[in-house]
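As the structure lists them, so they are numbered: ligands from 1, and atoms in each ligand from 1.
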Amino acid sequence: MVSLFVAGSKVSSSSSFSPVARAQDVDLTASALEHRIAEANGKFNGHTNGANGANGHTVKALDASKLTVQLADPTAREVPDEATANAGDETTCTDHMITCKWRAATGWETPELKPYGPLSLMPTASVLHYATECFEGLKVFRGYDGKLRLFRLDLNARRMLMSTLRISLPGFEPEELEKLITTLVAVDGPKWLPRERPGSFLYIRPAMIGTQSQLGVQAPKEALLFITVSFMPRLDAPVGGIKLHTNPEDMVRAWVGGFGYAKVGANYGPSLLATAEARARGFGQILWLYGPEGYCTEAGASNFFIVWRAKESEGGQLQLVTAPLDDKLILDGVTRRSVVELARKRLRGEVEMVERKYTIDEVVEADREGRIVEAFAAGTAYFICAVSMIHHRGKDVQIPMGKTGEIGPLTAKLKGWMMDIMYGNEQHEWGVVVSKE
Ligand SMILES: *Cc1c(COP(=O)(O)O)cnc(C)c1O
């Protein structure tokens, strides 16, 4: 078993000059994470989150085939229409949820599908004090062909594993999480996403929390995985597009060496102050910049894309530009990845797909030179949402759609392709049919 701290202390006492040891000193997070992800994907047996429970004896892996089912009374709640479901201050969840407990000493317990309802936690639970929480977000779609589909859920399951391990929550085989999600939507899909509502979706929220009821900064020895399914408003087409406000100079969402690339709750709470301020000024989301250079990173909890013409001196071609993943500042969005892959495949010759660092000054300069063509935010919640304006330090950068009110043709094309896959107008390997509903 490799634990962050065990590995570190062994290194310094016995082999302080070995290159491996030095690499771990320098790159501890990356090497520990890589090791555990490999372990979880291979001969995974349920242990290792840095809580020292599993010395020698086998602990149980997460096993979706053991799922127990306790069904809710199907007549107890009626399915509201979308507008009603999204009108209140509470998320409307479906009839059921899945929960599964984990203990360091024994591993994953039996997963349970049961009626949606409150969790029970001690006030001393790890998550409530040390933010040992991570989550995922994906949608289930009712296709125009009547079928229920998930979109690339293997990517969400793998990202969830990476996030859990980053905050010392227990690992699991990603396919087991995929099976649990699929089972839950197969159970609630027919009632909550009926065939009479093609083109609609529900939102799936898997999450994991550290539940050990002991104060003290340590990797939790108990955890809870839970999955809910709910309504979510359609956020992808606000009238006139979404307006972005760059973050205040004294605030940063994520930093090199931080955890911006993991979907951990700790990334979001601290961003709300800036978001609330931007909302009060009539903007939809923050465009998060990074460093003294002002690198453009993400728009709220979505990835950000801009379409511009390269400078004449650089060829003047049309480019679709987004921030790169390599410095681990931004979240590796499933939507982002899909847009990048579609653009490379289907827009070849028309637009050059560019993943690189670029600054807000470059955006302002492109605006001054009239080279900006389109911009959009991309993520599960906002889907593909056209951006109409970026406000930066007292200046407004108008994106063409801000003048016409029309979503740009490239944004529309990418969005259309994605929707066709999600709703079954195009049969594609990314659209995973839920067959057993
Ligand atoms: C969830 C999220 C995204 C979008 O990821 P998707 O997989 O496309 O939903 C982008 N940025 C942040 C910070 C996020 O939390």
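- Note that Lys357 lies in the cation-pi zone of Tyr295, set by a 6.0 Å cut-off to the ring centre and a 45° limit from the axis.
- Legend: side-chain hydrogen bond (donor to acceptor under 3.5 Å, both in side chains) pairs involving residues 83-93, not counting sequence neighbours, sorted by first then second residue: Asp81-Thr84.
- Residues meeting the side chain to side chain donor-acceptor pair (under 3.5 Å) test with Arg348, sequence neighbours left out: none.
- Sorted by chain then number, the residues whose non-hydrogen atoms approach ligand 1 to under 4.0 Å are Arg159, Arg253, Lys263, Tyr268, Glu298, Ala301, Ser302, Asn303, Leu331, Gly333, Val334, Thr335, Gly379, Thr380.
- Of the possible donor and acceptor atoms, one in the side chain of Ser163 sits under 3.5 Å from a partner among the backbone N and O of Arg159.
- Within a 6.0 Å radius of CG in Leu273, no more than 12 heavy atoms belonging to other residues, nucleotides or ligands are found.
- Take Arg197 and apply the side chain to side chain donor-acceptor pair (under 3.5 Å) test, not counting sequence neighbours, and it matches no residue.
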